[in-house]
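Inspection log for the structure reproduced underneath, given as C-alpha cells.
First listed ligand is number 1; within each ligand, the first listed atom is number 1. All of these numbers come straight from a predicted model, not from anything done at the bench.
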Amino acid sequence: MHFGTKAIHAGQHPDAEAGAVMTPIYQTSTYVQKSPGDHKGFEYSRTQNPTRMALEKNLAALENGKYGLCFGSGMAAIDTLMRVFKPGDEIVATNDLYGGTYRLFTKVFAPMGYKFTFVDLGDLDAVKNAVNENTKMIWAETPTNPTMKIYDIRALAEIAKGVDSLLAVDNTFATPYFQTPLELGADLVMHSVTKYLAGHSDVVMGALVVKSDELAEKLYFLQNSCGAVPGPQDSFLVLRGIKTLHLRMQRHFENAEKIVAYLQGKKAIKNLYYPGLPSHPRHEVAKVQMRGFGGMISFDLHDNTMEAASKIVSNVKVFTLAESLGGVESLIGHPASMTHASIPSEERAKSGVTDSLIRLSVGVEDITDLIADLEQAFE
Ligand code: P1T
C-alpha cells in the first residue's frame, strides 16, 4: 500500500459491533472477563486499548516499522526509551536538538549516571571518535530543531552498528511522509506526535516505532510498567489527523518553499536555514534521504539581538507567536527565549541558536496572506 492509503486505512477496520467506519473511542479503563483470564485480549487500558492500538499499528505502517508505541507526550516517549539503558551507559547525541530533550538528558538522566556526549553528527569523524563499546545509542534529530541541520542516517547507522549501538532518529520535523529512517538503517524512530502527525495543535502525544522484536518487547514492558500512555480520545484525534497527513505535508512544503524564496530577498536576514536550499551545507544528503523538505524554516538577523527578533515575532497577525509546530496554522517562535531556553546560551550559540534566531512553522493557509503578514512584520 502507498502512503496516502496507509494514512487512511492502516490499523483500522470497521468496528465489529455496529460497523462504525471510524475507530470507536474506547473510553474505558477495563474489560469484562467471563472467568479469571477468559477475555478478548484486553484486560486494562494502560496495557491495551483498542483505539490506542489502532493508532500504534497505523504509525508502525507509516514508518515502515513493525511495532508502534504511543505515550502521553514526546518527552514521555524518550523517557521510557531511556529506561532500556542503565547508569554508566553512554549516549552520543546531536548537539542541536529540542531543548526539552537536552533537559531530559542532562538534568534528569545525567545525574543518575547516564553519560551523554553532544557532537555535531554531521562530522562523521567526530561521531566515530565519540562512540566506544559503552555507547548504547546515537540520538539524532534530522532535520534538527531549530537550525535544520541534516545528518546522514545511513552513515550514522553504520557507525552505530560498528559498536553494537542503536541509532534512534527523532523524525518529528520530517514526518514519515518525507523521511523513513528505519528504511535507511535506523533502529528506532521517535515522534512528538503533538506536531505534524496530530496536525491540529489539539493533542500532546509521543511515539516510538521499531523493527526489532527484541527491542519492541522491552519497550512494551516499559510502556506498561511506567504507564505514560495516552488516552483513547487523544488517540482518536491523532488517527483522524493522520488521515490528511499526506495532503497537509504537501501544502506545508509548498508554502515553505515560497516563503524561503521570499525570505531570500530580505536584507535584514543573515542566515536562512532550510534543507531544500541548494546552499544548505547538506542539501545533497537531504535530497537522498528525504522526499521533500518540510514546512519548518529558521533564520537569524544581522542585528543579532533579542529586541530585533522580538519586533518581528510580536508584529505578525496571521502567524501566531507560540511554542510548538506542525499544526495547520502558521506559528512563529523565538527559540532562544522559548523552546530552547533550557539550553545554556554558550551551548545554544555553538549550534547556531543565536539571540535573533526566528523559527517558522509554515501552516497550510493561503500563501499570499502568509507572505503579506511577514512583509508587514519586517516593515
Ligand atoms: O512536546 P512533546 O510532545 O513532549 O515532544 C517533545 C519534542 C521532541 N522532539 C522534537 C523534535 C520536538 O520538537 C519536541 C517538542 N517541540 C516543541 C514543543 C517545539 O516547539 O519545538
Notebook entry, point to check: Contact between Met338 and ligand 1, counting heavy atoms under 4.0 Å?
Noted result: no
Check: Which one of Thr194, Asp79, Thr339 has a non-hydrogen atom at the shortest distance from atom 19 (C) of ligand 1?
Finding: Thr339
Note to self: Can you name the atoms of ligand 1, numbered from 1 with element, that are less than 4.0 Å from a heavy atom of Met205?
What the structure shows: 3 (O)
Note to self: Using a 4.0 Å cut-off to any heavy atom of Asn145, which atoms of ligand 1 qualify?
What the structure shows: 12 (C), 13 (O), 21 (O)
Check: Which heavy atom of the protein is the closest neighbour of atom 12 (C) of ligand 1, given with residue, atom name and distance?
Finding: Tyr98 CG, 3.7 Å
Check: Going by the order shown, which atoms of ligand 1 are within less than 4.0 Å of some heavy atom of Asp170?
Finding: 8 (C), 9 (N), 10 (C), 11 (C)
Check: Hey, are Lys40 and Gln48 close enough side-chain-wise for a donor-acceptor pair under 3.5 Å?
Finding: no
Next item on the list: Consider only side-chain N and O atoms of Thr354 and Asp300, and report whether a donor and an acceptor are under 3.5 Å apart.
Entry: yes
Notebook entry, point to check: Is Arg359 in polar range of ligand 1, meaning some N or O pair under 3.5 Å apart?
Noted result: yes
Notebook entry, point to check: Do Asn224 and Thr47 have side-chain atoms, one donor and one acceptor, less than 3.5 Å apart?
Noted result: yes
Notebook entry, point to check: Does a donor on one side chain sit under 3.5 Å from an acceptor on the other, for Thr5 and His2?
Noted result: no
Next item on the list: Please work out whether the ring planes of Tyr220 and Tyr67 are parallel, tilted or perpendicular, with thresholds of 30° and 60°.
Entry: perpendicular
Notebook entry, point to check: Under 3.5 Å, side chain of Asp373 to main-chain N/O of Val318, donor-acceptor pair present?
Noted result: yes
Check: Could a heavy atom of Ser324 be found less than 4.0 Å from some atom of ligand 1?
Finding: yes
Check: Is His340 in contact with ligand 1, taking contact as a heavy-atom separation below 4.0 Å?
Finding: no
Note to self: Going by side-chain contact (heavy atoms from CB on, under 4.5 Å), Val353 matches just one of Ile343, Asn145, Thr147. Which one?
What the structure shows: Thr147
Notebook entry, point to check: Nearest protein heavy atom to atom 5 (O) of ligand 1, by residue and atom, and its distance?
Noted result: Ser192 OG, 3.0 Å
Next item on the list: Consider every N or O of Thr101 and every N or O of ligand 1, then say whether any pair is closer than 3.5 Å.
Entry: no
Next item on the list: I would like to know whether Phe293 and Ile150 meet side chain to side chain contact (heavy atoms under 4.5 Å, CB included); could you show each step before the answer?
Entry: CA-CA 10 Å; Phe293 306 112; Ile150 297 291; over 6 Å; no
Margin query: Does only the side chain of Val193 get under 4.0 Å from ligand 1, or the backbone, or both, or neither? Count heavy atoms.
Written below: neither
Notebook entry, point to check: Does an N or O anywhere in Gly74 fall below 3.5 Å from an N or O of ligand 1?
Noted result: yes
Notebook entry, point to check: Is it true that the side chains of Asn64 and Glu183 contain a donor and an acceptor less than 3.5 Å apart?
Noted result: yes
Margin query: Checking side-chain polar atoms at under 3.5 Å, does Ser201 have a donor or acceptor matched by the opposite partner on Glu329?
Written below: yes
Notebook entry, point to check: Under 3.5 Å, N or O to N or O, is Lys195 touching ligand 1 that way?
Noted result: yes
Notebook entry, point to check: If you measure every N/O of Ile78 against every N/O of ligand 1, is any gap under 3.5 Å?
Noted result: no
